[in-house]
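This report refers to the structure that appears directly beneath it.
No hydrogens, no waters, no symmetry mates; every other heavy atom, side chains included, goes into these values.
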Amino acid sequence: MAELLTVDEALVRVLERARPLAAETVPLVHAAARVLAADARAAVDLPPFPSSAMDGFAVRADDTPGSLPVEVRIAAGRPAPRPLAPGEAMGIATGGVVPDGADAVVPIEQAEDLGDRVTIAAHADPGANVRAAGGDIEAGGVVLGAGTVLGAAQVAALAAAGVAEVVCARRPRVTVLATGTELRPPGAELGPGEIYESNGIMLELALSSAGAVVERQSPVEDDLDAHREALERALESDVVVSSGGVSVGPHDLVRGVARELGVEEVFWGVAMRPGKPLSFAVRDATLVFGLPGNPVSSLVGALLFVRPALYALQGAADPRPAFRTGLLAAGATRNAHRDDFVRARSELRDGDVLLRPVVGQESHMIVRAASADALVHVPRGDGVLEPGARVRYLPLV
């Protein structure tokens with residue numbers, strides 16, 4: 001094997017070849033987890049009118065303190081029928097339209113409500129508890145820019161600004177296929193040497209949550225014709241993700257069959273553990289990832305390389321893995337030649353995230369990995385990272 005690429009070098013080569021897909025108009029109600037391909041602009045001022053930030057009384061600041069008559073009470077969605085007259089107050093609910101003539105809202109807790117009158121003991125400052133029209137954004141302003149991934153807060157912001165549809169990159173079509181004659185579906189009776197197939201459903205979930213439309217093929221036997229048929233069909237997708245069959249054994253057929261089908265290998269092997277024998281290739285615009293068969297290796301490869309490729313295909317402003325920082329709870333021996341990605345449990349302590357490696361770090365131990373909620377990056381080097389060392393991690397939720 002040629003000298004292994006570093007994780008960063010491999011990711012650069014992947015992202016260089018992930019060209020954004022065509023854009024399409026999407027109703028906002030179907031835009032969650034999509035990526036904006038164009039700026040989304042507000043249809044209205046937000047708020048659309050001066051509104052009350054509190055339940056209380058709309059007043060003229062110059063009329064406070066004092067005892068004021070109350071003839072109108074304003075509910076949200078039910079504006080006052082007339083402007084506020086000098087020397088009076090109007091009851092108002094949170095979100096109600098502040099009437100013309102009023103320049104402050106006195107919270108109900110700071111007033112004595114007598115029904116037809118209200119007594120206000122302190123002076124109200126002009127502008128107090130009044131949300132100005134357009135104070136969040138003005139009509140025509142950019143709510144969110146191109147390249148933004150639309151999560152819950154982003155979709156809510158667009159809805160509040162009156163945006164009914166957005167322009168997003170097309171969702172990548174991904175085909176996932178697991179290879180191995182020994183694989184059987186969960187619930188089937190196992191014969192000698194057989195195991196249950198878990199990588200396909202794991203990869204489907206990991207990739208669909210990054211915006212992909214995933215088709216999962218049935219497991220492919222270790223047979224040249226079966227591999228050829230499965231890969232040929234899969235290459236009609238934007239992205240192909242296989243698991244297993246990318247090492248150097250006699251039954252590792254994926255890379256050879258892919259070459260026969262005109263797939264050009266970009267790299268094979270990354271200096272990391274788990275997941276070293278990972279391959280990445282292209283045919284025309286289709287990206288082809290060959291992930292190792294051990295489930296933890298397959299998951300790590302999907303998180304570090306395939307998900308970023310999916311975000312890049314959708315035009316995300318920063319498609320790279322979103323690492324956070326935390327503190328090691330236990331020491332970690334560094335590998336001189338490879339980056340390690342350690343499964344760990346996280347806990348919040350004294351304002352920091354404490355990361356405690358789980359017992360059982362072998363790449364076949366998916367049950368042990370399932371108890372983790374963080375993937376900790378232990379960079380290559382000499383010596384030991386001591387407890388309390390600051391490290392990067394990816395959330396596994």
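- Pairs passing the ring-ring contact (aromatic ring centres under 6.0 Å, His included) check and including a residue from residues 172-194, sequence neighbours excluded, do not occur.
- Counting only heavy atoms from C-beta outward, the side chains of Val26 and Val167 never approach each other to under 4.5 Å.
- By the 4.5 Å heavy-atom criterion applied to side chains, Leu355 and Ser346 are counted as neighbours.
- Counting heavy atoms from C-beta on, the side chains of Pro308 and Leu15 come closer than 4.5 Å.
- Among residues at least two apart or in separate chains, salt bridge (charged side-chain N to carboxylate O under 4.0 Å, His left out) pairs with a member in residues 5-30 are Glu24-Arg34.
- In His30, the NE2 atom is not crowded: 12 or fewer heavy atoms of neighbouring residues, nucleotides or ligands sit closer than 6.0 Å.
- Hydrophobic clustering (ILVMFWY, side-chain heavy atoms < 4.5 Å, transitive): Met272 and Leu385 are in distinct clusters.
- Rounded to the nearest 0.5 angstrom, Leu394 CG and Arg324 CZ are separated by 9.0 Å.
- Listed by chain and number, the residues in a ring pair (Phe, Tyr, Trp, His ring centres under 6.0 Å) with Phe267 are Phe280 (sequence neighbours excluded).
- Side-chain atoms of Arg171 come within 3.5 Å of backbone atoms of Ala212 as a donor-acceptor pair (strictly under, hydrogens ignored).
- Scored by the salt bridge (Lys or Arg N to Asp or Glu O under 4.0 Å) test, Arg307 finds no partners at all (sequence neighbours excluded).
- The number of heavy atoms from other shown groups lying within 6.0 Å of CZ (Arg60) is above 12.
- Between His377 and Tyr393, the ring center distance fails the sub-6.0 Å criterion.
- The other members of the hydrophobic cluster of Leu354, by chain and number, are Leu327 (side-chain heavy atoms under 4.5 Å, ILVMFWY only).
- Listed by first then second residue, pairs satisfying side-chain hydrogen bond (donor to acceptor under 3.5 Å, both in side chains) with a partner in residues 280-291 number zero, not counting sequence neighbours.
- Residue pairs that meet the salt bridge (charged side-chain N to carboxylate O under 4.0 Å, His left out) test with at least one member in residues 123-142, sequence neighbours left out, do not exist here.
- Residue pairs satisfying the side-chain hydrogen bond (donor to acceptor under 3.5 Å, both in side chains) criterion with at least one member in residues 147-161, sequence neighbours excluded, are absent.
- You'll find the side chain of Val7 reaches within 4.5 Å of the side chain of Val270, heavy atoms only.
- Counting heavy atoms from C-beta on, the side chains of Ile201 and Leu203 never come closer than 4.5 Å.
- The backbone N or O of Ser243 lies less than 3.5 Å from a partner atom in the side chain of Thr179, making a donor-acceptor pair.
- Arg345 CZ to Ser371 OG: the interatomic distance, rounded to the nearest 0.5 Å, is 7.0 Å.
- With salt bridges taken as basic N to acidic carboxylate O contacts below 4.0 Å, none links Glu165 and Arg41.
- Atom CG of residue Leu231 and atom CZ of residue Arg255 lie 13.0 Å apart, to the nearest 0.5 angstrom.
- Sequence neighbours left out, the pairs with a member in residues 226-247 that pass salt bridge (charged side-chain N to carboxylate O under 4.0 Å, His left out) are Arg170-Asp238, Arg173-Asp238, Asp225-Arg228, Arg228-Glu260, Glu229-Arg233.
- Among residues two or more places apart in sequence or in another chain, the salt bridge (Lys or Arg N to Asp or Glu O under 4.0 Å) test is passed with Arg390 by Asp352.
- For Lys276 and Asp339, the salt-bridge test fails: no basic side-chain N is under 4.0 Å from an acidic carboxylate O.
- The shortest side-chain heavy-atom distance between Arg338 and Arg380 does not fall under the 4.5 Å cut-off.
- Hydrophobic clustering, defined by side-chain heavy atoms of Ile, Leu, Val, Met, Phe, Trp and Tyr closer than 4.5 Å, groups Ile108 together with Phe57, Val59, Leu68, Val70, Val106, Val118, Ile120.
- Within the 4.5 Å cutoff, side-chain heavy atoms of Leu150 are placed close to those of Leu144.
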_side chain to side chain donor-acceptor pair (under 3.5 Å) for Arg392 and Thr325? Distances and angles first, verdict last._
CA-CA 4 Å; Arg392 300 192 310 158; Thr325 62; over 6 Å; no
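- For residues 294-339, the set of pairs meeting the ring-ring contact (aromatic ring centres under 6.0 Å, His included) definition, not counting sequence neighbours, is empty.
- Note that CG of Leu4 and CH2 of Trp268 are 9.0 Å apart. Values are rounded to the nearest 0.5 Å.
- The backbone N or O of Gly134 lies less than 3.5 Å from no partner atom in the side chain of Asp45, so there is not a single donor-acceptor pair.
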